[in-house]
Amino acid sequence: MVLASAAPGIFSAGLDILEMYQSTPERCVAFWRALQDAWLNLYGSRLITMAAIEGHSPAGGCLLAMSCDYRVMAEGKFQIGLNETKLGIVAPFWFTDVMLNTIGHRETEKALQLGALYSAQQALSIGLVDKVVPLAEVMPTVEGELKNWLQIPAAARVITKTSMRKAVLDRLRSQKEKDAQFFADFINRDSVQKSLGMYIASLQKKKN
Ligand SMILES: CC/C=C\C/C=C\C/C=C\CCC/C=C/C(=O)SCCNC(=O)CCNC(=O)[C@H](O)C(C)(C)COP(=O)(O)OP(=O)(O)OC[C@H]1O[C@@H](n2cnc3c(N)ncnc32)[C@H](O)[C@@H]1OP(=O)(O)O
């Protein structure tokens, strides 16, 4: 399975910020449950999963990419990373776990505190992506890599993948409702809503 985007220049802009702003607790819980299930299915997929990152990939977009087995990113102006702290929010523990498994503890600690967004070359240097190529070569490179992965006996690959990812998946599975409730409480704090409001305004200002 290849994750790619139909929007030029954007792999994924992350979660819909407007869903987290001035929403109701009930809607926030439903929103979070949908995200949890999507991620559990993706990270726990038995399929070979690859991200064709042909554009920006902040926050939830970076989570999607990191949750794949292999990442190819376009060189150039695009950025990737977990930038949550820049919005005044905090990466949930399962976002953090996936990043830890991808780039290790020291880089994750720096990346998360700073809300760092990396260029493709920087992402390659810390192991956040596996390959950087010109934009037009992203999809052919993914397809070529996929052929390599498909050579591996499927049962052996799936057992290996499942055992590598089980602890992180189980950590969320065992506390889904608590996590959803925590998200709804956290996101509706006055201080968090204020930060999100300012971030949304800054996105709109950048455009004008
Ligand atoms: C131990 C744990 C303790 C506590 C944790 C508890 C709870 C956790 C709490 C919260 C966790 C939440 C996790 C959140 C994850 C996320 O994914 S948050 C989203 C982060 N995303 C971003 O910051 C991206 C913002 N967007 C951009 O930077 C740019 O838009 C872009 C680089 C992606 C693309 O740039 P451009 O091509 O220049 O496009 P525009 O900027 O003009 O955007 C077009 C249009 O789209 C709107 N938009 C962009 N991104 C979003 C978004 N994520 N959500 C909603 N809307 C978005 C943008 O405002 C423009 O709108 P219009 O002006 O056209 O209406």
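Atoms within a ligand are numbered from 1 in the order they appear, just like the ligands themselves. Just so it is clear, the values below take in all heavy atoms, side chains as well, and ignore hydrogens, waters and symmetry mates.
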So which bit of [X] gets within less than 4.0 Å of ligand 1, heavy atoms only: side chain, backbone, both or neither?
{"X": "L203", "answer": "side chain"}
{"X": "N83", "answer": "side chain"}
{"X": "I89", "answer": "side chain"}
{"X": "A13", "answer": "both"}
{"X": "T96", "answer": "neither"}
{"X": "K86", "answer": "neither"}

Are any non-hydrogen protein atoms located under 4.0 Å from [atom]?
{"atom": "atom 46 (O) of ligand 1", "value": "no"}
{"atom": "atom 31 (C) of ligand 1", "value": "no"}
{"atom": "atom 6 (C) of ligand 1", "value": "yes"}
{"atom": "atom 15 (C) of ligand 1", "value": "yes"}
{"atom": "atom 58 (C) of ligand 1", "value": "no"}

Just checking D190: does its CG atom have more than 12 heavy atoms from other residues, nucleotides or ligands closer to it than 6.0 angstrom?
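Atom CG in D190 is not crowded, with 12 or fewer foreign heavy atoms closer than 6.0 Å.
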
Please tell me whether W94 and W32 form a close aromatic pair, meaning their ring centres lie under 6.0 Å apart.
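Between W32 and W94, which both carry aromatic rings, the centre distance is below 6.0 Å.
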
Say whether M20 and ligand 1 are in contact under the criterion: heavy-atom distance to a ligand atom below 4.0 Å.
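The answer is yes, since M20 has a heavy atom less than 4.0 Å from ligand 1.
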
